[in-house]
A.B. asks: 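Handing you a structure now.
The basis for the numbers below is simple: all heavy atoms, side chains too, and nothing from hydrogens, waters or symmetry mates.
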Amino acid sequence: MNREYIAQLRAKVGLLYQHARAWAERLPVKAWVVLGLFLVAALLMAVHTALTAKDASLHLKLQHGFRNAQVSVWVDGDSAFSGRITGSTKKRFGLIPTDSVQGSLSQIIPVRSGQHAVRVRIEPDDSATQEDSISGDFAHNAERDLFVSARHSSLSLSWQGTGSAPVETSPSFAWFSRYAGSLFLTIAGSIMSALAGYAIRELPARLRSTSDSAPKAEMGPQ
């Protein structure tokens with residue numbers, strides 16, 4: 001029973017192969033070129049997705065002393081977060097108002113694993129802008145806590161917890177991981193644009209050729 005089933009399966013596979021081969025032989029060279037370009041574009045898009053996948057996270061923990069301010073975060077020079085923060089009057093013993101203001105912010109920022117430079121800028125409504133940077137290494141599928149203390153006179157950044165210590169990475173690899181994704185996306189976009197242009201040029205001609213040949217086939221020889 002198993003041998004008969006295997007023999008039938010082989011016969012079906014052989015028949016499908018013959019049909020596929022005959023269909024492939026009928027395809028024009030232009031169609032193969034278009035198919036090849038499409039596969040290359042799909043491959044480049046897959047590589048771009050793999051290179052730019054954000055498989056780690058930065059947990060921003062901000063303590064500040066401003067009533068209103070704008071906070072911005074960059075990772076490797078690219079904007080990662082921007083938002084408004086507000087503070088309230090600090091009370092002594094929970095009852096007596098003081099002249100100081102306090103507020104906090106907790107924000108999860110997705111990042112790629114690897115070494116990154118994080119830059120934080122605080123722009124208060126009533127004082128000068130402050131900015132500071134820090135570098136750190138992010139493990140795959142892990143989260144690192146960055147504590148930020150922002151006051152009128154100072155801004156400090158520090159890593160919290162037992163996250164992995166910063167490690168040096170090859171400059172060439174850092175350049176590749178940062179710019180290769182954009183390069184692949186640009187190439188894939190160019191290929192897709194070329195394919196779209198080809199379809200716009202060739203499809204109407206194919207449709208006209210098919211519509212012209214159909215009436216001739218129906219009329220038959222005179």
Side-chain angles (χ1 to χ4, degrees), residues 40-88 101-125 127-192:
V40 171
L43 177 61
L44 292 174
M45 292 294 291
V47 173
H48 171 265
T49 301
L51 288 174
T52 58
K54 295 181 178 180
D55 53 357
S57 57
L58 166 66
H59 188 182
L60 178 69
K61 297 181 177 180
L62 171 64
Q63 297 287 338
H64 65 90
F66 308 106
R67 292 193 180 277
N68 294 283
Q70 180 76 20
V71 57
S72 302
V73 180
W74 290 266
V75 177
D76 295 334
D78 298 325
S79 178
F81 172 76
S82 180
R84 296 286 296 178
I85 54 176
T86 59
S88 57
V101 177
Q102 65 178 3
S104 63
L105 172 70
S106 178
Q107 180 70 34
I108 301 295
I109 302 174
V111 298
R112 291 182 290 108
S113 57
Q115 182 79 7
H116 296 295
V118 181
R119 178 161 54 97
V120 179
R121 176 186 294 172
I122 306 294
E123 301 176 80
D125 293 349
S127 60
T129 297
Q130 302 182 55
E131 185 174 309
D132 199 3
S133 301
I134 190 172
S135 296
D137 186 65
F138 294 80
H140 177 67
N141 289 334
E143 179 179 290
R144 293 206 68 181
D145 296 335
L146 176 61
F147 178 74
V148 179
S149 177
R151 305 299 172 188
H152 286 274
S153 58
S154 64
L155 174 65
S156 63
L157 282 64
S158 61
W159 297 111
Q160 285 187 327
T162 57
S164 56
V167 296
E168 295 296 329
T169 57
S170 170
S172 59
F173 179 78
W175 179 91
F176 178 82
S177 62
R178 182 174 181 182
Y179 295 106
S182 299
L183 177 62
F184 288 152
L185 184 61
T186 301
I187 296 175
S190 300
I191 293 176
M192 295 303 294

A.B. asks: Nearest 0.5 angstrom please: Glu143 CD to Ile108 CD1, how far?
C.D. replies: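 If we round to the nearest 0.5 Å, Glu143:CD and Ile108:CD1 are 4.0 Å apart.
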A.B. asks: I'd like to know if the side chain of Gln115 pairs up with that of Ser135 as donor and acceptor (distance under 3.5 Å, no hydrogens or angles considered).
C.D. replies: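 Their side chains do not contain a donor-acceptor pair, so the 3.5 Å distance test is not met.
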A.B. asks: What pair of heavy atoms forms the shortest contact from Leu155 to Val120, and how long is it?
C.D. replies: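 Taking every non-hydrogen atom into account, CD2-O, 3.9 Å.
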A.B. asks: With rounding to the nearest 0.5 angstrom, report the OG to CD distance, Ser153 to Gln130.
C.D. replies: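 If we round to the nearest 0.5 Å, Ser153:OG and Gln130:CD are 7.5 Å apart.
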A.B. asks: Closest heavy-atom contact between Gly87 and Val101?
C.D. replies: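 Distance-wise, the nearest heavy atoms are C-CG1, 3.6 Å.
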A.B. asks: Pair Gln63, Gln102 - check side-chain contact (heavy atoms from CB on, under 4.5 Å), show working.
C.D. replies: CA-CA 7 Å; Gln63 297 287 338; Gln102 65 178 3; over 6 Å; no
A.B. asks: Name all residues meeting the side-chain contact (heavy atoms from CB on, under 4.5 Å) criterion together with Ser149; count only those two or more places apart in sequence or in a different chain, and write none if there are none.
C.D. replies: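 With neighbours one apart ignored, the set is Phe147, Arg151, Ser156.
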A.B. asks: If I compare all heavy atoms of Ser158 with all of Ile134, which pair ends up nearest, and what's the gap?
C.D. replies: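 Shortest heavy-atom contact: CA-CD1, 4.0 Å.
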A.B. asks: How close do Val111 and Ser57 get, heavy atom to heavy atom, and via which atoms?
C.D. replies: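 Shortest heavy-atom separation between Val111 and Ser57 comes out as CG2-N, 3.9 Å.
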A.B. asks: Would you say the side-chain atoms of Arg144 pair up with the backbone N or O of Asp137, donor to acceptor, closer than 3.5 Å?
C.D. replies: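 Yes, the answer is positive, given that a donor and an acceptor are paired below the 3.5 Å cut-off.
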A.B. asks: Enter the distance from His64:NE2 to Leu105:CG here, rounded to the nearest 0.5 Å.
C.D. replies: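 Rounded to the nearest 0.5 Å, the NE2-CG separation comes to 7.0 Å.
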A.B. asks: So do Val75 and Phe81 actually touch side chain to side chain, heavy atoms under 4.5 Å?
C.D. replies: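 A side-chain contact is absent here, since even the closest heavy-atom pair is not under 4.5 Å.
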A.B. asks: Walk me through it: do Arg67 and Asp125 pass the test side-chain contact (heavy atoms from CB on, under 4.5 Å)?
C.D. replies: CA-CA 8 Å; Arg67 292 193 180 277; Asp125 293 349; over 6 Å; no
A.B. asks: Can you see which heavy atom on Pro124 is nearest to which on Ala69, and at what distance?
C.D. replies: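 Here Pro124 and Ala69 meet closest at CA-CB, 3.6 Å.
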A.B. asks: Nearest 0.5 Å please: distance from the CD1 atom of Ile109 over to the CG atom of Leu146.
C.D. replies: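 Result: 8.5 Å between the selected atoms.
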A.B. asks: Could you tell me the separation between the NE2 atom of His59 and the CD atom of Gln107, rounded to the nearest 0.5 Å?
C.D. replies: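 The distance works out to 8.5 Å.
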A.B. asks: With respect to His116, which candidate in Trp159, Phe138, Trp74 satisfies the ring-ring contact (aromatic ring centres under 6.0 Å, His included) definition?
C.D. replies: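 Answer to the ring-ring contact (aromatic ring centres under 6.0 Å, His included) test with His116 among Trp159, Phe138, Trp74: Phe138.
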A.B. asks: How many angstroms lie between atom CD of Glu123 and atom CD1 of Ile85, to the nearest 0.5 angstrom?
C.D. replies: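 Glu123 atom CD to Ile85 atom CD1 measures 10.5 Å (nearest 0.5 Å).
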A.B. asks: Would you check if the side chain of Asp55 reaches a backbone N or O of Arg112 as a donor-acceptor pair within less than 3.5 Å?
C.D. replies: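 Pair absent, no side-chain N/O of Asp55 close to backbone of Arg112.
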A.B. asks: Check Ser127 against Phe66 and note the closest heavy-atom contact, atom names and distance.
C.D. replies: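 In terms of heavy atoms, the two residues are closest at OG-CE2, 3.6 Å.
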